[in-house]
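Quantities reported herein were computed from a predicted structural model and do not represent experimental measurements.
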Amino acid sequence: MKRRYQIEGMTCDGCRGHVEEALFNVAGVADVAVDLKNAEATVESQFEVPLENLQKALENKGGQYRIQAMNKAN
């Protein structure tokens with residue numbers, strides 16, 4: 001399943017890389033694509049991953065990022 005999320009707190013390509021790495025390491029996540037320009041992440045997962053798990057991973061990466069659910073990606 002794929003889901004799109006809005007990411008707050010990214011200011012550069014380094015931030016994009018941190019967010020991508022943090023989300024990719026969450027249990028169940030199979031793939032992540034982060035778009036810095038649009039402040040979005042597309043997360044492909046094997047099963048429903050709770051938003052809280054994704055936020056916790058971002059907090060553990062530095063605490064400056066916030067994630068919010070958007071509409072489902074096709």
Side-chain angles (χ1 to χ4, degrees):
M1 77 180 33
K2 282 187 181 180
R3 294 251 186 194
R4 286 179 44 211
Y5 299 93
Q6 182 177 1
I7 307 292
E8 296 176 9
M10 294 189 300
T11 59
C12 65
D13 199 49
C15 293
R16 184 202 57 77
H18 285 126
V19 168
E20 198 166 77
E21 180 183 350
L23 296 178
F24 187 73
N25 287 316
V26 173
V29 173
D31 195 25
V32 177
V34 178
D35 182 337
L36 177 62
K37 182 180 176 186
N38 294 319
E40 293 179 5
T42 302
V43 177
E44 189 169 345
S45 59
Q46 301 163 351
F47 51 83
E48 186 71 33
V49 176
L51 182 62
E52 297 80 23
N53 293 8
L54 300 174
Q55 181 62 51
K56 184 78 165 171
L58 293 177
E59 289 171 3
N60 290 341
K61 197 64 177 173
Q64 65 188 18
Y65 312 112
R66 294 206 23 89
I67 187 167
Q68 295 179 350
M70 296 175 66
N71 58 330
K72 291 183 182 180
N74 292 331

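With values rounded to the nearest 0.5 angstrom, I67 atom CD1 is found 4.0 Å from I7 atom CD1. Note that CE of M10 is 10.5 Å distant from CD of Q64, once rounded to the nearest 0.5 Å. A distance of 8.5 Å separates CE of M70 from OG1 of T42, quoted to the nearest 0.5 Å.
The side-chain heavy atoms of Y5 and L23, taken from C-beta on, include no pair separated by under 4.5 Å.
For residues 6-18, the set of pairs meeting the salt bridge (Lys or Arg N to Asp or Glu O under 4.0 Å) definition, not counting sequence neighbours, comprises D13-R16, R16-E20. Legend: salt bridge (Lys or Arg N to Asp or Glu O under 4.0 Å) pairs involving residues 38-51, not counting sequence neighbours, sorted by first then second residue: R3-E48, R4-E40.
Considering all non-hydrogen atoms of both residues, L58 and A22 come closest at CD2-CB, 4.0 Å. Closest approach of G9 to C15, counting heavy atoms only: O-SG, 4.3 Å. The heavy-atom pair separating A57 from V26 by the smallest distance is CB-CG2, 3.5 Å.
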Throw together a table of side-chain donor-acceptor distances under 3.5 angstrom for residues 27-35, partners on residues two or more places apart or in other chains.
residue, atom, partner, partner atom, Å
D35, OD1, K37, N, 3.0
D35, OD1, N38, N, 3.1
D35, OD2, N38, ND2, 2.9

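Not counting sequence neighbours, the partners of N25 by the side-chain contact (heavy atoms from CB on, under 4.5 Å) test are E21.
Residues V43 and M1 do not share a hydrophobic cluster, defined by chaining ILVMFWY side chains whose heavy atoms lie under 4.5 Å apart.
Between the side chain of Q55 and the backbone N or O of Y65 there is at least one donor-acceptor pair closer than 3.5 Å.
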